[in-house]
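Remarks on the structure that follows.
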Protein chains: 2
Amino acid sequence: MSVVRSRREQILDVAAQLFARHGFHGVSIADLGAAVGVSGPALYRHFPGKEALLAELLVGISEHLLAGGRERAAASEDPREVLAALVEFQAAFALREPELIVVQDRDLANLPTAARRRVRRLQRTYVEIWVDTLRRIHPALTVESARVAAHAAFGLLNSTPHTARTPDTAALLRRMALAALDDL
Amino acid sequence: MSVVRSRREQILDVAAQLFARHGFHGVSIADLGAAVGVSGPALYRHFPGKEALLAELLVGISEHLLAGGRERAAASEDPREVLAALVEFQAAFALREPELIVVQDRDLANLPTAARRRVRRLQRTYVEIWVDTLRRIHPALTVESARVAAHAAFGLLNSTPHTARTPDTAALLRRMALAALDDL
DNA sequence: TAACAAGGTTAGCGCTCATTAACCGCCGGC
DNA sequence: GCCGGCGGTTAATGAGCGCTAACCTTGTTA
């Protein structure tokens with residue numbers, strides 16, 4: 001975490017923000033260049049194209065989430081502890097990077113097919129960690145219902161882009177998510 | 001609810017589906033025309049432009065939700081009954097019209113300023129119904145926290161576009177939402 | 001010191017797209 | 001039986017965009 005970020009990281013950062021605010025198609029290469037202080041085609045020195053830039057963002061997010069999920073799942077035998085850790089992890093990410101949350105589910109469709117498949121696969125695997133954990137806690141739960149519940153929890157936690165972030169928001173969201181997932 | 005819908009309604013319908021799948025900028029006027037069986041500029045006989053079409057969709061959604069919310073809020077003195085009715089209403093809408101859910105929060109930014117303000121205002125008023133109801137149930141809750149909780153509940157209920165809709169999904173989502181909103 | 005790679009620049013190409021123009025057939029009411 | 005408007009059509013226009021080309025500067029290195 002150095003203070004001087006490479007141009008590459010800088011571009012990814014402002015791309016996340018602009019894509020979040022205006023959508024992938026609502027941001028031009030020229031806009032992106034302007035936002036980092038260079039103009040237009042300079043970006044091609046760092047990325048092969050606009051879609052590749054989006055791909056790197058989205059693949060990065062999914063890999064980060066999956067890695068974090070695996071880590072939490074491996075950290076305990078008790079599925080309730082795992083669930084609490086997963087909720088905490090997802091809430092922290094959603095609060096730290098609300099723009100990425102927005103871009104991830106809004107602009108998936110704009111990825112080239114290969115990258116889209118890759119992201120989908122990573123996401124699915126991440127969801128399955130939640131599904132497995134939920135079913136260990138509630139053995140009567142079907143896979144389908146557990147999946148619905150997991151997505152509902154994501155929706156709840158990922159609501160951060162729509163709200164002001166007050167100091168106790170994290171705790172509130174965690175508590176709500178755990179309550180929702182408790183009486184399945 | 002006639003079987004023969006006017007061309008106008010038909011256009012709005014397919015626009016909702018295409019916008020949901022590909023995003024506002026990902027759908028051309030020609031695509032839209034083709035999807036209703038006419039081609040391209042014929043749409044200008046029914047709408048002054050592409051943005052006006054989006055505006056009609058989004059304003060329609062917000063008005064529908066606000067009207068439904070007001071109705072539920074006026075139907076009972078007991079805030080817990082009101083909350084249950086609100087949850088049921090939002091869940092039913094999210095399950096019936098997942099495409100509209102997607103378009104509503106994805107393409108708000110593509111509205112012309114006037115319409116965007118209008119939609120924002122309607123949405124805010126709808127949220128305030130939830131906030132007031134929550135605070136009547138939990139008097140210690142601050143306005144900000146109630147707002148966070150309301151948006152979290154929307155996120156949970158509006159997760160329908162991400163999941164297969166099995167027969168008991170509605171009940172599951174309602175139960176989760178009420179559980180999340182109960183121990184605030 | 002000469003060469004080169006890295007990272008900029010501006011100009012321009014080709015394409016897509018929203019919108020407008022100009023034209024046309026049909027059909028209901030005077 | 002005419003005629004006006006409603007709802008279509010195709011062609012054209014003009015803007016914006018992604019991307020490539022050609023060129024330049026600078027710092028590093030053999």
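Being a predicted model, the structure only gives us computed values, none of them experimental. All chains are named by letter (A, B, ...) in the order of the sequence lines, taking the proteins before the strands, and each is independently numbered beginning at 1. Below, each value reflects all heavy atoms present in this structure, side chains not excepted, and no hydrogens, waters or symmetry copies.
Atom OH of Tyr44(B) and atom C1' of dT19(C) are 5 Å apart (whole Å). Rounded to whole Å, the distance from CG on Leu32(A) to P on dG16(D) is 18 Å. The distance from atom CG of Leu43(A) to atom P of dC17(D) is 14 Å, rounded to the nearest whole Å. A straight line from CD1 of Ile29(A) to P of dG18(D) spans 5 Å, rounded to a whole angstrom. Between the CG atom of Leu53(B) and the C1' atom of dA18(C) there is a distance of 13 Å, given to the nearest Å. The nearest whole Å value for the distance from the CZ atom in Phe47(B) to the P atom in dT19(C) is 13 Å. When rounded to the nearest whole Å, the span between CZ of Arg45(A) and C1' of dC23(D) equals 10 Å. Distance NE2 (His25(A)) to C1' (dC17(D)): 12 Å, rounded to an integer number of Å.
Residue Arg7(A) places at least one side-chain N or O under 4.0 Å from the OP1 or OP2 atom of dG8(C). Residue His46(A) places at least one side-chain N or O closer than 4.0 Å to OP1 or OP2 of dG8(C).
Here the side chain of Pro41(B) is nearest to one of dC19(D), dA11(D), dC17(D), namely dA11(D). The listed nucleotides are dT9(D), dG18(D), dG8(C); the one nearest the side chain of Val38(A) is dG8(C).
The OG1 atom of Thr163(B) sits 11.0 Å away from the CD atom of Glu144(A) when rounded to the nearest 0.5 Å.
Ser145(A) places no side-chain N or O within 3.5 Å of a backbone atom of Leu141(A) that could act as its donor or acceptor partner.
Note on Gly49(B): only backbone sugar-phosphate atoms sit closer than 4.0 angstrom, heavy atoms only; bases stay farther off.
With respect to the salt-bridge test (charged N to carboxylate O, under 4.0 angstrom), the residues Arg174(B) and Asp168(B) do not qualify.
In this structure, the side chains of Gln17(A) and Val27(A) stay at 4.5 Å or more apart for every pair of heavy atoms.
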